[in-house]
Each structure stands twice: as structure tokens, then as C-alpha cells.
Chemist: 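For reference, the structure I am asking about is given below.
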Amino acid sequence: MTTPTVLLVHGAFADAGSWTGVISRLQRHGVPVIAPPNPLRGLAADAAYVASVAARIEGPVVLVGHSYGGALITVAGTAENVVGLVYVAAYVLEEGESLGELQGRFPASPLVSNLKQWTYPVPGGDPAVEVTIAEDAFPSVFAADVPAETTKALAAAQRPLAAAAFEETATAAAWKTKPSWALVAAADQAINPEVERFGAKRAGATITELEGASHAVAVSRPEAVADLILQAVRATG
């Protein structure tokens with residue numbers, strides 16, 4: 001039996017360092033793991049990048065996506081060597097569906113009213129728009145169950161997401177052919193937990209729900225996140 005490599009895909013307003021606690025636990029169990037940077041420039045481009053990282057890994061891969069990263073693994077998970085998908089407080093899209101369409105079916109989360117817009121240069125074109133979370137709102141919206149000192153550092157280091165990512169549609173839904181697992185953060189203020197539940201149920205995922213967990217559940221509850229990933233690794237190895 002071959003132990004799959006776990007490929008961790010962070011979401012918006014975070015970086016690969018948000019997986020640190022999860023990585024250490026997986027490594028203690030002898031699970032190979034990689035957490036590349038997510039470009040956060042758009043659904044199609046970011047999913048293609050994740051798929052390219054998965055393709056250069058020898059052997060089977062379990063893709064794990066947090067938040068917006070869930071949309072990416074939904075598309076990138078069609079790569080031949082991907083054997084399972086794990087969604088962590090994440091969007092689980094249907095083929096042809098956008099983040100905006102999925103979110104629009106449910107009441108908006110506090111995140112929506114606390115986004116700040118900026119522009120960034122695009123070679124050969126007009127400036128594009130990206131968004132971040134207002135720093136004063138970051139603790140309550142993103143990481144309410146994380147110590148204040150850590151939250152301040154996370155807010156300062158947050159990476160912006162291209163606004164266009166909300167409108168791009170998924171070109172595939174890998175959960176239709178690959179087994180999936182999902183963790184619902186029941187106290188999430190960035191993604192309405194109902195959005196997480198709906199997507200996970202639609203995908204037929206094995207669902208774990210954590211009461212009191214914020215959107216930054218990989219930071220605040222790394223043991224629970226790692227345990228769910230290990231379930232996927234053992235089931236697909």
C-alpha cells in the first residue's frame with residue numbers, strides 16, 4: 001500500500017503557514033505533505049497551478065482545500081493521481097457554478113461587509129481589483145477562536161484575493177468521481193456554515209462538524225483537521 005501525499009491548499013486572506021499545526025501532526029504519522037503557495041489570482045489559473053503541483057508528485061495525492069481552496073481542489077481534483085478530496089471550512093462548487101452563485105443562495109456572512117478593495121497592476125491591461133479583510137474586523141470574522149496575539153499576526157500577513165475569483169465558474173467537479181470528506185466550522189463568520197454544509201452534502205462527503213470553530217479552524221483546531229485528513233489518507237492509501 002502507498003501512503004498518499006497530502007497537498008494542502010490555503011484559501012484567501014491566509015498563507016501556507018496557516019497549515020503549520022496540521023503539517024506537524026501529519027508528519028508525526030509518517031504522512032508526506034506539501035503546502036504550496038496559492039496564487040489567489042482567479043479560479044481557473046489557481047486551479048491549474050494546484051493541478052500542476054499535484055501532477056509532479058509521484059504516487060497518489062489527497063487534496064485538501066481551506067475556504068476558497070475548496071473551490072480549487074474541486075477543479076484540480078480531476079488530475080489522474082488525485083484519489084481523495086478534503087474540504088476544510090470550504091466552498092464545494094458544482095460544475096458551472098461560481099462562488100458568488102453559491103454564496104448568493106444563503107444569507108451573507110459578516111465577511112461581505114468587512115472587505116476592503118484595492119487595485120493591482122496587470123501587464124498589458126487595466127488594473128484589477130483585489131480584496132482583503134479590514135484589520136479591525138479580522139479577529140471576529142476570520143479567527144474568533146485564535147489567541148489575540150496570533151490573530152494580529154495573521155491579519156498583518158493576510159494575502160489578498162482577486163475579486164474576479166468570485167465570478168469565475170468551476171469547469172469540473174471532481175467530487176463526482178473522487179471520494180470526499182468535509183469539515184464544517186459551525187461558528188464560521190467568513191463563510192456561512194450553511195454554505196459549507198450544503199456543498200458537502202451535495203458532494204456526498206463524509207462530514208465532521210466542529211461547534212464553536214471559526215474560519216481559521218486549521219489554526220485553532222489543528223488536531224481535528226489533521227484527524228479528518230488522516231481518515232482520507234487511510235481510506236485511499
Side-chain angles (χ1 to χ4, degrees), residues 8-19 36-53 63 65-77 87-144 151 154-173 185 188-196 198-199 214-218:
L8 301 168
V9 182
H10 68 80
F13 322 123
D15 61 21
S18 60
W19 293 114
N38 180 351
L40 301 176
R41 297 294 82 175
L43 179 55
D46 295 342
Y49 175 72
V50 172
S52 74
V53 176
L63 288 180
H66 173 244
S67 188
Y68 166 67
L72 303 186
I73 70 169
T74 295
V75 177
Y87 295 94
V88 179
Y91 294 105
V92 187
L93 296 181
E94 170 63 281
E95 185 175 356
E97 184 176 59
S98 70
L99 297 177
E101 289 171 339
L102 177 56
Q103 286 189 140
R105 299 192 185 111
F106 301 89
S109 71
L111 171 73
V112 177
S113 60
N114 287 287
L115 290 176
K116 298 175 67 176
Q117 291 191 356
W118 315 88
T119 59
Y120 64 95
V122 177
D126 295 329
V129 176
E130 62 185 12
V131 293
T132 58
I133 303 173
E135 284 202 29
D136 60 347
F138 190 94
S140 62
V141 169
F142 198 88
T151 304
L154 292 174
Q158 63 176 302
R159 294 183 56 203
L161 173 67
F166 291 101
E167 305 304 324
E168 289 187 59
T169 58
T171 57
D188 200 329
Q189 298 295 300
I191 301 177
N192 185 333
E194 287 299 326
V195 173
E196 299 171 19
F198 172 81
S214 75
H215 192 61
V217 63

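For the single chain, residues carry numbers from 1 onward in sequence order.
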Chemist: Is the shortest side-chain heavy-atom distance between Phe106 and Pro193 below 4.5 Å?
Modeler: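 When only atoms from C-beta onward are counted, Pro193 and Phe106 do not touch, as no gap falls below 4.5 Å.
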Chemist: Ignoring hydrogens and angles, tell me if any N or O in the side chain of Ser109 forms a donor-acceptor pair with the backbone of Ala190 under 3.5 Å.
Modeler: yes
Chemist: Is the backbone of Leu43 close enough, under 3.5 Å, to the side chain of Tyr68 for a donor and an acceptor to pair up by distance?
Modeler: yes
Chemist: With a 4.5 Å heavy-atom cut-off, do Gln158 and Phe142 have their side chains touching?
Modeler: no
Chemist: Using 0.5 Å steps for rounding, measure from the CZ atom of Arg159 to the OG1 atom of Thr132.
Modeler: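 Going from CZ on Arg159 over to OG1 on Thr132, the span is 13.0 Å.
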Chemist: Examine distances only and state if a side-chain atom of Asn192 and a backbone atom of Ala108 form a donor-acceptor pair shorter than 3.5 Å.
Modeler: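 Not confirmed, Asn192 side chain does not pair with Ala108 backbone.
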Chemist: Please answer whether the main-chain N or O of Val9 pairs with a side-chain N or O of Asn38 as donor and acceptor at a distance below 3.5 Å.
Modeler: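 No, the answer is negative, given that no donor and acceptor are paired below the 3.5 Å cut-off.
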Chemist: Without swapping roles, check the side chain of His215 against the backbone of Ala185 for a donor-acceptor pair under 3.5 Å.
Modeler: no
Chemist: Do Pro36 and Tyr49 touch side chain to side chain, with heavy atoms closer than 4.5 Å?
Modeler: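 In contact.
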Chemist: Does the side chain of Leu111 reach to within under 4.5 Å of the side chain of Gln189, using non-hydrogen atoms?
Modeler: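 Leu111 vs Gln189: side chains apart.
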Chemist: Does any non-hydrogen side-chain atom of Glu196 lie less than 4.5 Å from one of Tyr87?
Modeler: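 No, side chains not in contact.
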Chemist: Of all the heavy-atom pairs spanning Ile191 and Ala89, show the shortest one and how long it is.
Modeler: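 It is CD1-O, 3.5 Å.
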Chemist: Report the distance from atom CD of Glu135 to atom NZ of Lys116, rounding to the nearest 0.5 Å.
Modeler: 7.0 Å
Chemist: Could you report the tightest heavy-atom contact between His10 and Ser18, atom names first, then the distance?
Modeler: CB-OG, 4.1 Å
Chemist: Which pair of non-hydrogen atoms, one from Leu99 and one from Ala71, has the smallest distance, and what is that distance?
Modeler: CD2-CB, 3.9 Å
Chemist: Going by distance alone, is a donor N or O of one side chain under 3.5 Å from an acceptor N or O of the other, for Thr74 and Tyr91?
Modeler: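 Absent: no donor and acceptor within the cut-off.
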Chemist: Search all heavy atoms of Gly11 against all heavy atoms of Ser67 and return the closest pair with its distance.
Modeler: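 Looking at all heavy atoms of both residues, the closest pair is CA-CB, 4.3 Å.
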Chemist: Work out which heavy atom in Val50 is nearest to a heavy atom in Leu63; give both atom names and the distance.
Modeler: CG1-CD2, 4.2 Å
Chemist: Can you spot which of Ile133, Val141, Leu161 makes a side-chain contact (heavy atoms from CB on, under 4.5 Å) with Leu115?
Modeler: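 Checked Ile133, Val141, Leu161 against Leu115; only one passes side-chain contact (heavy atoms from CB on, under 4.5 Å): Ile133.
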Chemist: Verify, without hydrogens or angle tests, whether Glu168 (side chain) and Ala165 (backbone) share a donor-acceptor contact under 3.5 angstrom.
Modeler: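 The answer is no, because no donor-acceptor pair under 3.5 Å joins these two groups.
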Chemist: How many angstroms lie between atom CG of Asn114 and atom CG of Asp136, to the nearest 0.5 angstrom?
Modeler: 7.0 Å
Chemist: Just wondering, do Phe13 and Val131 contact through their side chains at under 4.5 Å, heavy atoms?
Modeler: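 Yes, at least one pair of side-chain atoms sits under 4.5 Å.
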Chemist: Look at the side chain of Gln117 and the backbone N and O of Val129, then say whether any donor-acceptor pair between them is shorter than 3.5 Å.
Modeler: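 Between the backbone of Val129 and the side chain of Gln117 there is no qualifying donor-acceptor contact (under 3.5 Å).
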